[in-house]
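The next block holds one structure in the form of structure tokens; read it before the comments.
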Amino acid sequence: MLIRDVVSWNAMIAGYVKSGYACQAVELFWRMQQESIEPNEKTFICVLMACAPPVSIEEAALIHTFLSMYSFESDIHVGNALIGMYLNFRLLNDAYFVFKHMTMKDVVMWTSMITGYSDNGRWDEALNLFQRMLQESVIPDEVIFLSVLSACASLYSLRFGLMVHSIIINAGIDLNPFIGSSLINMYAKCGNLHLVHRVFEQIPFKDTVLWTAIVSGYEQQSEYGKALQVFDDMLATSINPNEFTFVSVLNACTGVASLDLGMIVYSNIVESGIECNMHIASALIDMYGKCGNEEDMCAVFVCLPITDTVVWNAIIDGLAQHGNSESTFQYFKQMKHHGLEVDSMTFVGLLSACNHAGLVDEGLYYFYSMLVDDEIKPSIEVYVCLIDILGRAGQLESAYALTWKLPLEYSMSLYTPLLSSCRIHSNLDVATRVGESMIKLHPQRESTYVLLSNVHALKPMRAALGTFDFDS
DNA sequence: TTAGGGTTAG
């Protein structure tokens, strides 16, 4: 072009951003300044959108400083792009600082800030902000409800979710697949499958995402049969499953431990022409692992690029479940060697390998290495494994002492494996103490009484065996 | 002719 005006530059920058070339977009922005083309609001909006890793925060801050020289900061679109930029770097306080100082806030800006909190696990603050928005008489639209419902789902808050649903109805928002799948996801996460079904029936047009939301909802609530049935219903329509659908369906096959079904679903994936991404791969590894086909589990793994923590966690856990403790440790070593990030799920696999092989010292070693070398906060699943390792090795008092160091909300998940260990070691003393605590916490839970009675049933058997002369 | 927020998965 012989003459390039601000619109040409904006179009170029926007094009680069939309195609994922963030660094080049920022470069173009600086070139534009060198050529003394005056930027406008739209220029800043485009370039701020490019400000996300791998662009550095220093360069992003420089663009913010540059922006301050113009009078665009009060522009609502620019303000929102600025909030979005800080959220891209997970700088929630900086984003909120910009948000707080905007004199005009529209529903889009509230959505950005709410999504920012929600995406960073600060769900309570997301919902508080939504309430504040309503108090300030901002009219919510369809999009903001999607973010708010996602926060309700993450909090498993049926109370708030129901309230939001009623606001949606009162606001006259269309029950389309977007709102429908968010509602289904929320009700499923809150465990209300009756409402999941009701919302699903109410949505007149059902697309792939809506079908996937209901399949995934049933699967996550361990209603594997229903998930498979709904998937079957979906196949009878003209709506095609996508990667997300297949992941949930594979999980449902794993849930019912059906290798045959899992293999049929795998052939469906291949037929559909959908590429096997990391989500599908890890679901597949998990399915083969839990359905007892170690060979195919490893065959899937070796075809994948070495890039993804979750895939490695899946194979480590799969090998551990098959009792291959040596291979499990080898894979962990390789994972570290390749510089992959490890997380608490990695250690769940490692510890369950130690558990199956009765390797107490190794289990403790990996546990401490997780705390000290990798500085990872152990998940409740890690503690369950650790207590199981100690318990099976007969270190029941140590295991029992550990349960006291953890928050009460986790106690039931920790006591259950401990009580089983008491049974293995016929330790009535610890069993009685654990059982009493469990009954105090959940007197209605029948499984506790069954476990406890199993431990007590050993008493006469042990007494009888005590009189038996094994040597002769 | 250039611009801001969103649904389902490991």
Side-chain angles (χ1 to χ4, degrees), chain A residues 1 4-18 32 37 39-50 72 75-85 87 99 102 105-116 118-119 133 140-151 153 176-186 188-189 203 206-217 219-220 234 241-252 254 274 276-287 304 308-315 317 343 345:
Chain A
M1 290 170 80
R4 291 187 290 237
D5 64 0
V6 60
V7 175
S8 335
W9 282 97
N10 289 355
M12 276 298 281
I13 296 171
Y16 273 91
V17 176
K18 280 180 185 159
M32 178 185 176
I37 307 293
N40 63 14
E41 292 94 326
K42 295 179 179 86
T43 319
F44 279 105
I45 292 161
C46 292
V47 76
L48 287 170
M49 281 168 64
F72 299 148
D75 181 280
I76 203 151
H77 286 74
V78 174
N80 199 38
L82 204 49
I83 291 168
M85 178 202 92
L87 291 177
F99 177 80
M102 291 297 296
K105 296 185 187 73
D106 66 359
V107 67
V108 176
M109 192 167 282
W110 285 92
T111 308
S112 299
M113 204 58 233
I114 287 172
T115 310
S118 191
D119 286 350
M133 187 194 92
D141 65 1
E142 181 197 320
V143 176
I144 197 161
F145 284 119
L146 307 179
S147 300
V148 173
L149 285 171
S150 146
N176 62 26
F178 278 77
I179 282 286
S181 33
S182 297
L183 281 169
I184 286 173
N185 180 46
M186 182 274 292
K189 295 256 160 53
I203 312 292
K206 298 174 174 59
D207 67 357
T208 299
V209 178
L210 190 82
W211 278 102
T212 305
I214 192 166
V215 171
S216 150
E219 178 263 311
Q220 283 178 24
M234 179 184 184
N242 67 11
E243 301 91 318
F244 289 65
T245 329
F246 282 123
V247 169
S248 294
V249 177
L250 279 174
N251 288 340
T254 311
I274 286 175
C276 179
N277 67 18
M278 293 301 169
H279 288 263
I280 292 181
S282 44
L284 210 48
I285 290 172
D286 199 42
M287 187 275 290
L304 301 168
D308 195 273
T309 297
V310 182
V311 165
W312 281 77
N313 288 351
I315 191 86
D317 191 62
D343 60 21
M345 270 307 289

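FYI, side chains are in, hydrogens and waters are out, and symmetry mates aren't considered; it's all heavy atoms of this structure. In what follows, chains carry the letters A, B, and so on, assigned in the order in which the sequence lines appear, proteins first and then strands, with residues in each chain numbered from 1. Treat the numbers as computed from the prediction; the structure is a model and nothing was measured.
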Original post:
NA contact type, A/Glu243, heavy-atom cut-off 4.0 Å: base, sugar-phosphate, or nothing?
Top reply: base

**OP:** Give A/Asn176 one of three labels, base, sugar-phosphate or nothing, depending on what nucleic acid heavy atoms sit under 4.0 Å from its own.
**Re:** nothing

Original post:
So what does A/Val107 hit on the nucleic acid, given a heavy-atom distance under 4.0 Å: a base, only sugar-phosphate, or nothing?
Top reply: base

Subject >> Side chain of A/Ile45 - closest among B/dT8, B/dG4, B/dA9 >> reply: B/dG4

Subject >> Sugar-phosphate, base or nothing in reach of A/Asp286, heavy atoms under 4.0 Å >> reply: nothing

**OP:** Rounded off to whole Å, could you give me the CD1-to-C1' distance for the A/Ile179 and B/dG6 pair?
**Re:** 9 Å

Original post:
Is there a donor-acceptor pair under 3.5 Å between the side chain of A/Asn251 and the backbone N or O of A/Thr254?
Top reply: no

Original post:
Has A/His77 got its ring stacked on the base of B/dG4, with centres under 5.5 Å and planes less than 30° apart?
Top reply: no

**OP:** Would you please confirm or rule out a distance under 4.0 Å between OP1 or OP2 of B/dA9 and any side-chain N or O of A/Ser248?
**Re:** no

Subject >> Between P of B/dT8 and CD1 of A/Ile214, the distance in whole Å >> reply: 15 Å

Original post:
Out of B/dG10, B/dT8, B/dT2, which nucleotide sits closest to the side chain of A/Val7?
Top reply: B/dT2

**OP:** Please check the phosphate of B/dT1 (OP1 and OP2 only) for any side-chain N or O of A/Lys42 closer than 4.0 Å.
**Re:** no

Original post:
Starting at CE of A/Met32 and ending at C1' of B/dA3, how long is that distance when rounded to a whole Å?
Top reply: 13 Å

Original post:
Just how far, in rounded Å, is P of B/dG6 from CG of A/Asp106?
Top reply: 13 Å

**OP:** May I ask you to evaluate whether A/Asn185 reaches the phosphate of B/dT7, defined as a side-chain N or O under 4.0 Å from OP1 or OP2?
**Re:** no

Original post:
Can any side-chain N or O of A/Ser118 pair as donor or acceptor with the backbone N or O of A/Ile114 at less than 3.5 Å?
Top reply: no

Subject >> Per-pair stack call A/Phe246 and B/dA9, 5.5 Å, 30° >> reply: no

Original post:
Where do A/Val249 and A/Glu219 land on the side-chain contact (heavy atoms from CB on, under 4.5 Å) test, with the steps shown first?
Top reply: CA-CA 8 Å; A/Val249 177; A/Glu219 178 263 311; over 6 Å; no

**OP:** Indicate, with a heavy-atom threshold strictly under 4.0 Å, whether A/Lys189 touches base, sugar-phosphate, or nothing.
**Re:** sugar-phosphate

Original post:
What is the nucleic acid contact for A/Asn251, judged by heavy atoms within less than 4.0 Å: base, sugar-phosphate only, or nothing?
Top reply: sugar-phosphate

**OP:** Please tell me which of the listed nucleotides, B/dT8, B/dG6, B/dG4, lies nearest to the side chain of A/Leu146?
**Re:** B/dG6

**OP:** Taking only the side-chain heavy atoms of A/Ser112 (C-beta and beyond), determine which of B/dG5, B/dG4, B/dG10 contains the nearest atom.
**Re:** B/dG5

Original post:
Counting side-chain heavy atoms from CB outward, which of B/dG10, B/dA3, B/dT2 is closest to A/Met49?
Top reply: B/dA3

**OP:** Check the distance between B/dG6's C1' and A/Trp110's CH2 and give it to me in whole angstrom.
**Re:** 18 Å

Original post:
Under 4.0 Å: is that the gap between some side-chain N or O of A/Gln220 and OP1 or OP2 of B/dA9?
Top reply: yes

